[in-house]
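Here is the structure we will look at, set down as structure tokens.
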There are 2 protein chains.
Amino acid sequence: MFNDTPSSGKSTAALHAASKRVSIKDIARLARVSHSTVSRALRESPLVNPETAEKIRRIAAESGFRISAVARSLATSRTFTIGVVVTSIDDPFVAEVVKGIEDEAIEHDYSVFLANCHADPEREMKVVHSFEDRRVDGIVVTASRVGALYGSVLERMHIPIVLLNNQHPSHFAHSICIDNFDASRQLVAHLIALGHRRIAYIGDRFGHGSDSERFSGYRAALDEADILFQPDLVVHGDGKAEGGKEAMAKLLAVHPHPTAVFGYNDMTAIGALKAIRARGLRVPADISLAGFDDLPLGLYIDPPLTTVRQPKQQMGRMAMQSLLTLIEGNQAEQNVRVAGELIIRQSTAAPPDSHSKENHPCNSSSAHKTGHKRK
Amino acid sequence: MFNDTPSSGKSTAALHAASKRVSIKDIARLARVSHSTVSRALRESPLVNPETAEKIRRIAAESGFRISAVARSLATSRTFTIGVVVTSIDDPFVAEVVKGIEDEAIEHDYSVFLANCHADPEREMKVVHSFEDRRVDGIVVTASRVGALYGSVLERMHIPIVLLNNQHPSHFAHSICIDNFDASRQLVAHLIALGHRRIAYIGDRFGHGSDSERFSGYRAALDEADILFQPDLVVHGDGKAEGGKEAMAKLLAVHPHPTAVFGYNDMTAIGALKAIRARGLRVPADISLAGFDDLPLGLYIDPPLTTVRQPKQQMGRMAMQSLLTLIEGNQAEQNVRVAGELIIRQSTAAPPDSHSKENHPCNSSSAHKTGHKRK
DNA sequence: CTGGGCTTTGAACACGTGTGCATAAAAATC
DNA sequence: GATTTTTATGCACACGTGTTCAAAGCCCAG
């Protein structure tokens, strides 16, 4: 019971018993040097005699000394700390991004403050102010309408800021953003290649920039295939399952209904899936379905969802890397566009009338199915 | 362009242009008082003349002054900061817990450091040390085998620690933990009430304490219903979908196979679902299936999953509340047991032979079904 | 007018670390 | 051996805030 006291420790043992935290001065006293020398030894400064340095480090280790980051921060005016503001950490998209950020951060000995803002302006102000108070070296903001509100606060802080999939680009911040247009175009091209002509898009009325970019990609793919754009095949949800379900219900009221549906994101598509099932239709036999984001969820539903993968962790890492570059005072690319990856799973297939052979006991569909009207 | 300069500002305007951060001394100079008075005014101390205080606060606000939390921390040896160490933030369970923690924290003007450890001992040491360096006021650890490794480090820090769903209880830490035994017992009792007699349990070989508690609950429910425990109906996965799938395959090799399966957690159950489907069997018509945790995922799969809800956000909040209590120097309950809530959805139903009428093209099931052998 | 109590303020030090500068000691050069 | 250069160390101050203590100013009772 006594033998866990280090055998070499003499006066260091007393420190363990003391309730006060051991400071750099305590180490200095034990090593019979000044606190400056201790400071230098611990920072591996070449200005200190190697033997002295080794002795100091040994004593520090034995007494369990840990340097105070807060005192150091005060002296150096660098905290090695960043702030991450997210809408909500329980959003699976956000969680993966944050994972990437944190992993990259810790490798560079940075710590990350996490704060949810719940898309509440008041709360956003509070967390940004808390970051300002804590003198973070940089900030990452994911998926928010920055600038509109607290942009001035951020600007005043004079620290680098990186926005991730931001809805409104800001002149004072850098950004990492998925290439919505191109990914969307690829996805819709995939649907067209399968033989679809009546392809619907369920947007997100709160999606702002990214929604219109994905919509543009959809339009572009249609144009390239000489398919006439039909406004009644575009409806809007809220980016969540409930909204996707309601929007899909509207699409199913159109005659003939679309043979493929592209949702703004995976949650929208999953909501749509529910509505499709409720009408007794099958995916992909009757209707093909695709989403965007590649949430883990998409793998576990039946059928697994075709989607666009956003390299979320990677994007988080990139955001942190930009931040590090900027913190060091170097230039970084202002607006980075990241390519999405088309993930084809079982929710998309050829439309039912391509080589029609299958019947199912459902009233509202095949009866009206006539294929595409034009061309 | 010029009129955004506050009309009342005279010398404060110069501050805006200055690149150096404005400190409490700058405010003192502007207000023609000492920095002590400014400090007191900003902390709403009754020791300062109300008019002076008001004037100081106005000047501070106009010059966009924000007090330095790091300097304050150094002076007060309180950081109003906590550390949260998680296995990985992209685990949906963890994400919800962290949300609860952060929401509670910010309401009390605490900021949270988030760190993933990926169940890697080396990484765990690193993040715990970083928390120590940063002088956090408290630590929450979720779902880890604390104590074994860095317990001594934690103990040395002399700060409150709350473990959430910890596998190994530690004498020096407080804990918030779901009542695995009782929730599990309720769930299995539900299956029994539906008429099931051959009920399997898929455990988690890495689940340690919580696995054996859930298993005990399973056993208790069987005992209460006088159902003989059959060791071949207990297999083990890894807590993830893949392991659940493999484990379920083993269960399907048993003749007659179970009519109900209880998975250690939702991911295990979802893996099991895949294996069941692969054999051409249906849930719940042929086999009832239940999980544990109530991940959002369980709502979106088909059929929606019967499970035990862990009030994750609430548990996060409770952890933070305990921490706050302890930080204030008060006593808090050492080990809090939280009740789970049985969530009955469509993945559980009566066993197929209860009022047998339905046939399906599957060989390995109903033929051997004989009900429970004893009693 | 005097003394005592109250209110308000400022001076000084503390918190723990980093760093420029001076200096002592050691080594190298002549 | 004297001088210069190099190496190693300590002193003192800075970082921005909180806090104790003393003191100045004020009010009021006597």
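Proteins come first, then strands; the chains are lettered A, B, ... in the order of their sequence lines, and each starts at number 1.
- At the heavy-atom level, Val70(A) lies nowhere under 4.0 Å from the strands shown.
- With sequence neighbours excluded, the residues satisfying salt bridge (Lys or Arg N to Asp or Glu O under 4.0 Å) with Asp133(A) are Arg66(B).
- Rounded to a whole Å, the CD1 atom of Ile27(A) is 15 Å from the P atom of dG10(D).
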Taking only distance into account, with no hydrogens and no angle test, what donor-acceptor pairs under 3.5 Å do side-chain atoms of residues 39-52 of chain B form with protein atoms, sequence neighbours excluded?
| residue | atom | partner | partner atom | Å |
| --- | --- | --- | --- | --- |
| Ser45(B) | OG | Leu47(B) | N | 3.1 |
| Asn49(B) | OD1 | Glu51(B) | N | 2.8 |

Notebook entry, point to check: Reading nucleotides 16-27 of chain D 5' to 3', which nucleotides get B (base under 4.0 Å from a protein heavy atom), which S (sugar-phosphate only), which -?
Noted result: BBBBB-------

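- Between Thr37(B) and dG10(C) there is a side-chain N or O to OP1 or OP2 distance below 4.0 Å.
- Looking at Arg134(A) and Ser111(B), their side chains do bring a donor and an acceptor atom within 3.5 Å of each other.
- Distance Glu51(B) CD to dT7(C) P: 15 Å, rounded to the nearest Å.
- Counting only N and O atoms by type, the side chains of Glu155(B) and His171(B) include a donor and acceptor under 3.5 Å apart.
- Atom CD of Gln331(A) has 12 or fewer neighbouring heavy atoms from other residues, nucleotides or ligands inside a 6.0 Å radius.
- Ring orientation note: the planes of Tyr110(A) and Phe80(A) are tilted relative to one another, at an angle of 30° to 60°.
- At the heavy-atom level, Ser73(B) lies nowhere under 4.0 Å from the strands shown.
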